[in-house]
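Input: a single structure, listed below in structure tokens.
Note that these values count all heavy atoms, side chains included, but never hydrogens, waters or copies made by symmetry. Computed from a predicted model, the values in this text were never measured in an experiment.
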Protein chains: 2
Amino acid sequence: MKLGKHLSFSILLLLSATWSANGGNILVWYTEGSHWINMKPVLETLIDRGHQVTVLVPSTSMFMNISEPSGFSYEPFNVSVSVEQMERLMEDLFQFSIYEADKMSYLQIYNRFMELIDVNMEYTLKFLDGLLKSETTMTKLKDGKYDLLFSDPIFPGSDLLADVLGVPLVLSLRLSMANNWERQCGQLPAPPSFVPGGMSKLTDKMNFLERVQNFLFYQFQDIMLANCIWTKVDKYYSEYRGTPTSACELLGKADIWLMRTYWDFDFPHPLLPNFKYVGGIHCRPAKPLPEDMEEFVQSSGDAGVVVFSLGSMVKNMTREKGNMIASGLAQIPQKVLWRYSGEKPDTLGANTRIYNWIPQNDLLGHPKTQAFITHGGTNGIYEAIYHGVPLVGIPLFGDQPDNLVHMKAKGAAVNLEINFMKSEDLTDAVHTVINDNSYKENAMRLSSIHHDRPMSPRDEAHLRVQAHELTWYQYHSLDVLAFFLTIDLFLIFIFIKTCSFCFCRCCGRKSTTKRKTE
Amino acid sequence: MKLGKHLSFSILLLLSATWSANGGNILVWYTEGSHWINMKPVLETLIDRGHQVTVLVPSTSMFMNISEPSGFSYEPFNVSVSVEQMERLMEDLFQFSIYEADKMSYLQIYNRFMELIDVNMEYTLKFLDGLLKSETTMTKLKDGKYDLLFSDPIFPGSDLLADVLGVPLVLSLRLSMANNWERQCGQLPAPPSFVPGGMSKLTDKMNFLERVQNFLFYQFQDIMLANCIWTKVDKYYSEYRGTPTSACELLGKADIWLMRTYWDFDFPHPLLPNFKYVGGIHCRPAKPLPEDMEEFVQSSGDAGVVVFSLGSMVKNMTREKGNMIASGLAQIPQKVLWRYSGEKPDTLGANTRIYNWIPQNDLLGHPKTQAFITHGGTNGIYEAIYHGVPLVGIPLFGDQPDNLVHMKAKGAAVNLEINFMKSEDLTDAVHTVINDNSYKENAMRLSSIHHDRPMSPRDEAHLRVQAHELTWYQYHSLDVLAFFLTIDLFLIFIFIKTCSFCFCRCCGRKSTTKRKTE
């Protein structure tokens with residue numbers, strides 16, 4: 001939605017009256033991976049508009065490249081975590097999320113997850129130490145006279161720095177687990193009856209059992225996050241400030257939340273005036289392809305091409321999986337452009353070319369492109385929405401499964417599971433999204449919403465919340481609560497019966513014994 | 001906020017794919033009084049953009065003038081209510097709201113209010129009869145091939161017509177009593193802990209007792225509206241459609257709710273994707289004044305002028321009130337332009353001129369204008385916000401007291417009560433808003449928000465909901481509920497004690513009697 005985006009930019013721009021003449025002085029919190037890739041185009045736009053942008057960069061950043069030419073200034077700081085440790089953690093997280101978890105019991109998953117979370121928290125706090133406890137850096141930041149701090153809160157601490165520097169905080173995020181930050185810190189209302197928890201893999205149309213599941217998901221995640229994240233961050237903040245401090249409360253002081261989603265991708269839900277929806281802010285019209293790539297694309301004839309990428313984080317996969325995917329792709333009539341840095345699979349078809357890097361947005365905007373096989377990162381999904389391309393989803397980790405559930409619910413994706421799919425499944429899925437017209441139509445409809453283009457009146461439903469379809473007791477989850485109450489009462493009944501049974505037997509035996517001895 | 005408004009217009013414009021070439025074909029639901037004045041500029045904008053606009057007009061309309069030259073087409077229909085009856089009802093409502101209610105007991109107020117509501121409902125249904133049961137009109141409407149129905153839902157029935165014609169419904173409203181329509185029909189979340197009920201005269205900063213009051217206000221209004229409005233409209237709708245129909249459910253099917261408010265005027269509260277905030281959509285830059293008026297304004301010198309209007313609905317007032325106001329105005333150093341059609345007060349000062357009509361927006365945008373004395377209609381308040389003029393409020397009825405409470409809370413108004421004010425109060429109030437700089441500063445701040453102009457970072461607070469200042473139990477009104485529970489328990493305790501006391505006395509007496517007779 002063009003205007004929505006401009007609006008958000010205008011809010012960014014107007015945050016300081018002092019900007020009018022010279023542009024503002026913006027400090028940017030460090031981030032990593034796809035979060036950094038996502039933030040860069042926003043920062044570039046700010047620079048284009050005459051603002052100064054200074055980015056905080058830890059010495060062991062994997063994705064933020066200080067030497068890369070750009071319009072940003074960098075403010076590096078030293079941290080006591082090595083690049084190897086960071087890469088190891090990243091690799092462990094991938095391996096666990098993508099491959100290991102599917103073979104583990106629930107208890108094993110929980111233990112391993114907690115282990116990884118703990119290591120992550122340890123590093124996070126070391127990063128904070130490197131920044132907040134470095135007198136040199138903090139003096140520089142205080143002298144920098146910044147007008148605002150811009151932050152993706154995936155790495156905690158920006159709220160504390162904003163508070164210390166006394167500058168407004170503008171957040172930019174896709175979503176948090178079970179919308180915890182938005183709900184508990186940002187005060188965003190999210191009734192579990194029609195707002196599926198972030199990463200719950202549920203949609204806004206939930207049957208009774210799904211609503212029970214969503215309700216529990218909120219509760220469990222709130223408890224988990226309180227124990228694993230908030231208490232530790234609170235402790236750190238409180239020690240640093242010398243006064244009891246709630247990190248969630250500090251985060252809630254953010255002036256603007258720029259959410260990287262919109263009603264083309266998200267389900268309608270309640271919002272607040274300081275929540276702005278800017279999904280796909282990085283999308284641009286397609287530029288021409290490199291000559292040899294254009295030639296390959298044109299050679300596909302009427303069949304067209306399929307673009308395939310599992311994102312920037314996955315460099316390679318097992319030989320077995322590579323072969324399974326390659327042989328699936330070999331069966332389709334389209335030509336395939338596959339972004340992949342691993343070993344060339346043995347089963348690679350003549351129709352498939354492997355690339356170390358592809359101009360993804362330009363390819364998705366190419367008229368020959370019929371479908372996009374994706375891991376479901378927000379960036380890629382938004383580029384597909386922008387250009388109206390149907391998806392085959394192979395989600396790997398993080399918000400990807402949830403993202404692809406959204407696209408499936410909106411009728412623009414067929415999803416597969418990396419650990420359970422066969423090569424025929426991939427062939428079938430690509431065939432379906434290309435030959436069943438509804439997928440292309442739905443993708444084009446999402447594109448219309450995204451571009452705020454005229455559409456038929458009945459398509460306006462994307463703005464109405466699912467709450468309209470609920471009864472009052474469903475809206476307030478009273479049926480869900482009644483369900484739990486029934487279970488509770490049943491358990492209490494069983495407990496009492498069991499106790500009284502045991503008690504009777506004991507007493508009975510005793511009294512029998514007593515009587516016998518009498 | 002410019003962009004917000006354009007966005008809403010764009011939504012209006014994109015509601016039909018068929019509009020791209022020839023413009024859309026828009027049917028407009030009838031309305032009355034200030035609601036019609038408010039709707040006209042929106043319709044004019046639609047016409048400017050190449051749409052066809054057809055307005056439904058009942059034969060006894062007081063404010064919709066078919067013969068007035070305009071770009072609209074009119075679709076008149078006959079109703080079995082006379083203009084005299086309508087004018088009588090209007091006059092009765094004014095007299096009751098402005099003067100009589102202040103002298104009545106609560107029971108008298110309730111009874112008189114119910115009487116007026118019943119007459120209003122009777123006329124409303126007769127209007128509906130005139131439209132929906134006229135075969136000629138309905139055939140014309142069905143043949144009209146309208147793309148959407150645009151409606152201020154103050155007169156019920158547009159949702160039913162939209163349903164019958166099978167066209168999308170776009171609503172335009174300021175607010176409903178206790179936000180009943182928005183909450184119950186539109187599914188807008190409105191926790192009573194920080195969202196003051198529409199027309200409750202409360203702000204978003206409420207102490208415990210005010211939160212109790214707000215909670216009760218919601219409950220009482222919901223019950224009142226269910227009994228006085230919804231059941232009767234439901235009955236009518238059900239009979240008309242021949243199937244059980246909920247009017248609230250039909251209203252909830254509206255695609256877009258255009259709310260005539262914005263964060264310059266309203267308190268931040270949760271919203272939904274299909275609620276668009278377009279307050280002040282009718283405001284325009286000031287045009288030059290008529291020559292003699294400009295001369296009078298210029299003659300004020302450095303002191304400047306005060307603009308005074310109690311709106312289009314109030315033509316005159318008692319001689320006593322007129323004199324009280326005129327002598328108050330005579331005491332101020334500014335020149336006064338007073339829109340008033342009543343008898344010339346005896347005490348009229350040399351500094352005050354009475355006009356039958358004033359170009360209010362042009363006057364408020366005039367650099368000599370220091371303050372605006374207003375009844376607090378939304379139109380006038382928005383013109384004052386647009387031009388950054390501080391207010392003296394003399395609210396009369398409807399949403400006016402609530403509107404002025406908002407402006408007072410935002411520090412841009414001093415409010416008076418028409419039935420209790422003295423002439424000195426008016427002199428003092430005008431003096432205060434002109435000479436205490438904070439009023440002008442706050443008015444200018446609201447104007448900045450309205451125009452989305454750069455402002456200092458700390459002013460962004462207008463977007464953060466008051467929920468941030470509440471504890472979790474306050475947010476969910478648990479303290480309010482605990483308060484009621486305590487009262488309930490106390491009453492139950494008193495009841496039981498009383499019963500047992502009576503019972504004992506009775507039994508005691510009986511048994512004494514019994515014993516005596518034995």
Using non-hydrogen atoms only, which part of A/Y475 is less than 4.5 Å away from chain B: side chain, backbone, both, or neither?
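When you check distances to chain B, only side chain atoms of A/Y475 fall under 4.5 Å.
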
Are there more than 12 heavy atoms of other residues, nucleotides or ligands under 6.0 Å from atom [atom1] of [X]?
X      : atom1 : value
A/E249 : CD    : no
B/Y473 : OH    : no
A/F484 : CZ    : yes
A/Q219 : CD    : yes

Which pair of heavy atoms, one from B/L272 and one from A/V465, lies closest together, and at what distance?
CD2-CG1, 3.6 Å

Side-chain touch B/P273/A/L271, heavy atoms, less than 4.5 angstrom
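Side chain of B/P273 against side chain of A/L271, heavy atoms only: contact under 4.5 Å found.
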
Name the option with the most non-hydrogen atom pairs under 4.5 Å to chain B; the candidates are A/C185, A/G252, A/A254.
A/G252

With rounding to the nearest 0.5 Å, note down the distance linking CG in A/L470 to CD in B/Q187.
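Reported to 0.5 Å precision, the distance equals 7.5 Å.
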
